[in-house]
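First up is the structure itself, then whatever we jot down about it.
Order of the sequence lines sets the chain letters (A, B, ...), proteins ahead of strands, with each chain counted from 1. When reading the values below, keep in mind they use all heavy atoms of this one structure, side chains included, and skip hydrogens, waters and symmetry mates.
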Protein chains: 2
Amino acid sequence: MIKIALDLTDRSIILHTMNAEHDTRTRILSTARELFHGRSYADVGIKEICDLAKVQKGSFYHFFPSKQDLAMAVIDDMADDWAHGFVAEAFDQNLPPLERLDYMIDAAYYWQKAAKDIDGRMPGCLFGNLALEISTRDDVLRAKLNAVFDKASKRFHEALDQAVELGEIPPLDSEATAAAMLAFLEGIILLAKTRNNPEVIRDLGPAIKTLRIELAHPN
Amino acid sequence: MIKIALDLTDRSIILHTMNAEHDTRTRILSTARELFHGRSYADVGIKEICDLAKVQKGSFYHFFPSKQDLAMAVIDDMADDWAHGFVAEAFDQNLPPLERLDYMIDAAYYWQKAAKDIDGRMPGCLFGNLALEISTRDDVLRAKLNAVFDKASKRFHEALDQAVELGEIPPLDSEATAAAMLAFLEGIILLAKTRNNPEVIRDLGPAIKTLRIELAHPN
DNA sequence: CTTCACGTTGACCGACCGGTCATCTATGAA
DNA sequence: TTCATAGATGACCGGTCGGTCAACGTGAAG
């Protein structure tokens, strides 16, 4: 009974305050995400986020207890969009497994290219950026980024297993190879960002299909 | 005559003040390098560098006009050590070309492992860290990091060309493949740092030899 | 003995950092 | 009408940021 009452209360609150709360929180989240992605975690201050999101500082701390919590939410938010966005497309089960790799590279390329066309700079991968910047300082955020990478790695793993099953490629250590592919993807985005040239992704990306780690015990 | 006089003056200054000037500047440089590498550019303040290096803030600004100039010097310093250190070893001309790749991966692994054994955290690659953190904000530093990557890429390029010449591998686009290998190296270091586990380098590293980009016009 | 430049010292600057808080408003429930 | 709660407001906090500066010590050159 208590539970039902609570549920009803919660629901009505959600329904009635969605526009207000949801909007403010969402505005903070998307602004922070954009700024973190385009610059860096440490370089973006809460004041700047609040100004751009047209939110008062006190309001910010009503929704996020700390900057770290904001970062967590940003990662979750981006991971969701990512998973339901071009990752879901690229790793579409209807596509032949190996084509998914090409699709992934293409998606990364067009994304970065579009971003650069807009403001002249390649933002790179938000996860990679954050990982290198804060994983030595914040184990909680590092663990979260780790989980995101693990999830991405699983997509590669799945595709590789299916490719093997279909006889498109010889058997291999699909888990390790999947991780290697993810690493390669992050690496070419890193290099492309350093050169500020999205074409690097296009030029080097196709090599992802040549990556291969043999099974440890192929007996 | 003037030139000779100046040269003599300079030399005497260098000789006499080496201990004082050189020592202070070097202390700042190596402290900054260590801190930047272990944390991040934005997260390390000049005050902290000065305290650890036992240098007064005014002295710091006597040697480095700004934090950006310090970063430039740090990159140069690290690039030098790097080029004359294990990169020179790994890409030893006496080693068979393909073995140099294994050597490079090994060196990266042991380096990161040693660092982690000391303070529990994998610092990753200073260049990669800085590249992702500041290349959207500082084109001068980005260009410098770019040059470092280019130089590293040339080592791979050279090794690949020699491997082709020796008939160890079929002809390929050695320049693009070299860049892909560098990207892969940075990528596995990124992933290893995120997992805080140097073994990732060891596990995925050997796949670097499987990377391959075909010649565009193999006619 | 003077001059001059290098290096050093530490106080100081305004701006900004992440974060707090008392206060007010809006809204739905009882 | 009263009450509780979510949310908004903006002043405020101590601390730190990158950077400046006038004063001083030192040692070699003239």
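Here D/dA6 presents its C1' atom at 5 Å from NE2 of A/H62, a figure rounded to the nearest Å. Between the P atom of C/dC6 and the CZ atom of B/R25 lies a distance of 15 Å, rounded to the nearest Å. The interatomic distance linking B/Q56 (CD) with C/dC12 (C1') rounds to 14 Å, in whole Å. Between the CD atom of A/Q68 and the C1' atom of C/dG19 there is a distance of 14 Å, given to the nearest Å. Rounded to whole angstrom, the span from the CZ atom of A/F63 across to the P atom of C/dG19 amounts to 17 Å. Atom-to-atom, CG of B/D23 to C1' of C/dG7 comes out at 13 Å; the value is rounded to the nearest Å.
Screening residues 124-137 of chain A for salt bridge (charged side-chain N to carboxylate O under 4.0 Å, His left out) gives A/R137-B/D43 as the qualifying pairs, with residues at least two apart or on separate chains. Each salt bridge (charged side-chain N to carboxylate O under 4.0 Å, His left out) pair with one or both residues in residues 49-73 of chain B, not counting sequence neighbours, appears once here: B/K47-B/D51. Within the structure, salt bridge (charged side-chain N to carboxylate O under 4.0 Å, His left out) pairs that include any residue of residues 99-112 of chain A comprise A/D102-A/K209 (at least two apart or interchain).
Relative to the axis of its first five pairs, the axis of the last five pairs of the helix from C/dC1-D/dG30 to C/dA30-D/dT1 sits at 10°, rounded to 10 degrees.
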So which protein nitrogen or oxygen atoms get under 3.5 Å of nucleotides 23-25 of chain D's nitrogens or oxygens?
none

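Remark: A/D173 engages no residue in a side-chain hydrogen bond (donor to acceptor under 3.5 Å, both in side chains) (not counting sequence neighbours). For the side chain to side chain contact (heavy atoms under 4.5 Å, CB included) test, residues two or more places apart in sequence or in another chain that qualify with A/A115 are A/P123. Remark: A/F91 engages A/F156 in a ring-ring contact (aromatic ring centres under 6.0 Å, His included) (not counting sequence neighbours). A/H157 meets the ring-ring contact (aromatic ring centres under 6.0 Å, His included) test with no other residue; sequence neighbours excluded.
Under a 4.0 Å N-O distance rule, the pair B/D150/A/R195 qualifies as a salt bridge.
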Would you tabulate the side-chain donor-acceptor contacts of residues 178-191 of chain A under 3.5 Å, counting partners in other chains and residues two or more places apart, or write 'none'?
none

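Ring centers of B/W111 and B/H37: under 6.0 Å apart, within the cut-off.
Put simply, B/T24 has no side-chain N or O that comes within less than 4.0 Å of OP1 or OP2 on C/dG7.
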Quiz prompt | Contact state string [nucleotides 20-26 of chain C, B base, S sugar-phosphate only, - no protein heavy atom under 4.0 Å] | solution = BB-----
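Of the residues in residues 43-51 of chain A, those with a non-hydrogen atom less than 4.0 angstrom from any atom of DNA chain C are A/V44, A/G45, A/I46, A/K47.
Side-chain atoms of B/S135 do not come within 3.5 Å of backbone N or O of B/R142 as any donor-acceptor pair. Using modelled atom types, one side-chain atom of A/S30 and one backbone atom of A/T26 make a donor-acceptor pair closer than 3.5 Å.
B/K116 NZ: more than 12 foreign heavy atoms inside a 6.0 Å radius.
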